[in-house]
2 protein chains.
Amino acid sequence: MAGRRSVAVALDTRRRILSVAADMASVEGLEGLTVGRLATALEMSKAGVIGHFGSKLELQLATLDHAAEVFRTEVWSPAAPQQEGLPRLVAICGAWMEYAGRPAFPGGCFLAAASFEFDSRPGPVRDALITYLRRWHGTLVREISVAVSAGDLPETTNAERLASALEAVAARVTPTRELYGDPHAAAHAEELMLAMLGRQGLGDVPVLVP
Amino acid sequence: MAGRRSVAVALDTRRRILSVAADMASVEGLEGLTVGRLATALEMSKAGVIGHFGSKLELQLATLDHAAEVFRTEVWSPAAPQQEGLPRLVAICGAWMEYAGRPAFPGGCFLAAASFEFDSRPGPVRDALITYLRRWHGTLVREISVAVSAGDLPETTNAERLASALEAVAARVTPTRELYGDPHAAAHAEELMLAMLGRQGLGDVPVLVP
DNA sequence: CCTACCGATCGGTAGG
DNA sequence: CCTACCGATCGGTAGG
C-alpha cells in the first residue's frame, strides 16, 4: 500500500516536473534549460529533480516526449473524429492554429522552436525530434493523399511539398505574433493554410486580400 | 604609425571574432554561445575576446549585427540592381534561397534561427532583432506595393500578409533540409515563393505538382 | 526526496 | 592581448 502510493506520488511528481520543464524550455530552449533553475521553480532540490531521470539528457528527452504528447492531444485528437482526408485536414488546421494561438506553452509551439534549436545540433535529442516530426509529417501526407484519392484535391498535388508548406506557415505563428506584435497571426495562418487546401486561384488566397 | 596599425589590427581581430562567433551561434544559438569556447576556437584568451566588446551582451549584439550585415550583403545586394517591384522581388527570392541553401553559416539562416530563439525571451538582443526583422519586412512590403502599383500583382494583394508568407517559407529551409534530409528544400521553397508572386491558379503552384 | 559536496565551466576583472 | 584570479552556477554523485 505504502509502496503503491509512493509509486503513484513519484509518477505525479514526474509529470509536474515535465510540465514545468516544458514551460521553461519553450522559452529558453531544451539546451538552455538547467536543472538548478528547474528545481528552484519546482521548490525542489536539484537531486530530487534529476533523480527522476538520471541525467539532463534523459530529462530533455522526457520533456520533448511530454511536449509531443501535448501536441498530439491538442492538435490531433480534436481532428481525429472527422472523416479522413480533406475534412480531417481542415479540422487539423483549426486545432493546430488554436493551439499555436493560445498558446499551450509560454514560449509558443514547442516542436517548432525545437526544430530550429536542433536543426544543426547532433545528438539524441535531435534524433528523437526527427522521429516526432517525421511522424507528424507522415500523418499530413497521408491525409492529403486520401483527399486526392477522394477528388477533394487535384491529382497533381505533391503531398510532400504541400505538407511542408503547411508546416512552414504553422511554425511561423509564434515569431510573427511575438516579434511583429501581430495578434492575428494564428488566424491569418489558418486562412492561408485553408486556401492551400482549396482550389481557388491565388487571387482568392488570403495572402492577397485584405 | 604604430597606433594606427594597432587600431587596424584590432578591428581586423574584431571581425575575425565576429565571424567565428556567428558561425558558432548559428549552431548553438546566441544564448548558447560562450566566451570560453569562442576563445578556444579563436586560439585566444577569454579576456582577449571579451575585451573587444566589454560584455557578453555586447558580443551578442555585435554578432547579431554582423549576421544582419551578411544577410544584407548576400540577399539584398545582388537584388538591388534589379528594377524595383516584381523584378526585384524575384531576384530577392533567388538570392535569398541561394543564401539559405548554401548556407552562409554552418547552422543555417542566422536571423531565422534567432527569431525562434528570442521570440519569447525579452532583452536587448530581442529588441535589436526586432529592428532588423521589421526593416527587412518593410523592404518586402515596399517592393510588393510597387509591384501592385505597376500592375504586376493584383490590386487586392495584402502586402503585409504576402511578405509574412514569403518569410515563413524562407525560414523553414534549414530545418527542412537538416531534419528531413531534403537537399532540394531551398529550390522547392524558391518555386513556392515565386508562385506566390505569380497569378497562377493553385493548380499551377509547385506545392501541387511533382 | 533531502543535504552536502565534487570538478568543470560560466561571465567578468585586475594588473600588466 | 596575456596570465591569474573572482564568485556563481553548471551537471552530477554520495549517503542517507
Side-chain angles (χ1 to χ4, degrees), chain A residues 1-22 24-25 27-64 117-118 121-126, chain B residues 1-22 24-25 27-64 117-118 121-126:
Chain A
M1 281 309 168
R4 278 211 189 207
R5 207 175 74 94
S6 298
V7 170
V9 168
L11 279 176
D12 204 70
T13 302
R14 191 188 142 97
R15 278 197 73 82
R16 231 181 89 238
I17 294 172
L18 289 178
S19 176
V20 175
M24 292 180 69
V27 173
E28 56 208 34
L30 269 171
E31 212 61 38
L33 188 66
T34 76
V35 179
R37 269 180 290 128
L38 178 56
T40 301
L42 286 158
E43 296 185 295
M44 286 173 64
S45 67
K46 288 199 299 171
V49 169
I50 208 69
H52 283 269
F53 307 95
S55 69
K56 183 182 173 181
L57 173 59
E58 294 298 328
L59 167 65
Q60 289 175 309
L61 292 171
T63 303
L64 177 61
E117 185 178 5
F118 289 94
R121 188 196 279 273
V125 177
R126 176 191 145 118
Chain B
M1 282 302 170
R4 278 213 190 203
R5 206 175 74 96
S6 297
V7 169
V9 167
L11 279 176
D12 204 69
T13 302
R14 192 188 142 96
R15 280 196 72 81
R16 233 182 85 239
I17 294 172
L18 289 177
S19 175
V20 174
M24 293 179 68
V27 173
E28 57 207 35
L30 270 171
E31 211 61 38
L33 188 66
T34 76
V35 179
R37 268 180 292 128
L38 178 55
T40 301
L42 287 158
E43 294 184 297
M44 288 174 63
S45 67
K46 289 198 299 172
V49 169
I50 209 69
H52 283 269
F53 308 94
S55 69
K56 183 182 172 180
L57 174 59
E58 294 299 327
L59 167 65
Q60 289 175 310
L61 291 170
T63 303
L64 178 60
E117 186 178 4
F118 289 94
R121 190 195 278 272
V125 177
R126 175 191 146 118

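The sequence lines fix the lettering, A, B, ..., with proteins before strands; numbering per chain opens at 1. Just so it is clear, the values below take in all heavy atoms, side chains as well, and ignore hydrogens, waters and symmetry mates.
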With a 4.0 Å limit, can you tell me whether A:T13 has a side-chain N or O closer than that to the phosphate oxygens OP1/OP2 of C:dC1?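 True: A:T13 side-chain N/O within range (under 4.0 Å) of C:dC1 OP1/OP2.
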
Within the pair B:T34 and C:dC10, is there a side-chain N or O less than 4.0 Å away from OP1 or OP2?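 Indeed, a polar side-chain atom of B:T34 lies that close.
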
Give one of base, sugar-phosphate or nothing for [X], where a contact means two heavy atoms less than 4.0 Å apart.
X     : result
B:L57 : nothing
B:L59 : nothing
B:G51 : nothing

Can we say A:R126 and A:E117 salt-bridge, meaning some charged N sits less than 4.0 Å from an Asp/Glu carboxylate O?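 Salt bridge absent between A:R126 and A:E117.
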
Is there a donor and acceptor pair closer than 3.5 Å between the side chain of B:K46 and the base of C:dG11?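 Side chain to base: pair present.
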
Tell me: CD1 of B:I50 to P of C:dG12, nearest whole Å?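 Roughly 5 Å, once rounded to whole Å.
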
Once you round it to whole Å, what is the distance between C1' of C:dG11 and CG of B:L30?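 After rounding, the gap between these two atoms is 16 Å.
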
Identify, between A:G54 and A:R37, the residue whose nearest nucleotide on DNA chain D lies closer to the 5' end.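 First, find each residue's nearest nucleotide; the 5'-ward one identifies A:R37.
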
By nearest heavy atom, map B:M44 and A:E31 onto DNA chain D; which one lands nearer the 5' end?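 The answer here is B:M44.
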
Select one nucleotide: of D:dG12, C:dC1, C:dT13, the one nearest the side-chain heavy atoms of B:A47.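 For the B:A47 side chain, the nearest candidate turns out to be C:dT13.
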
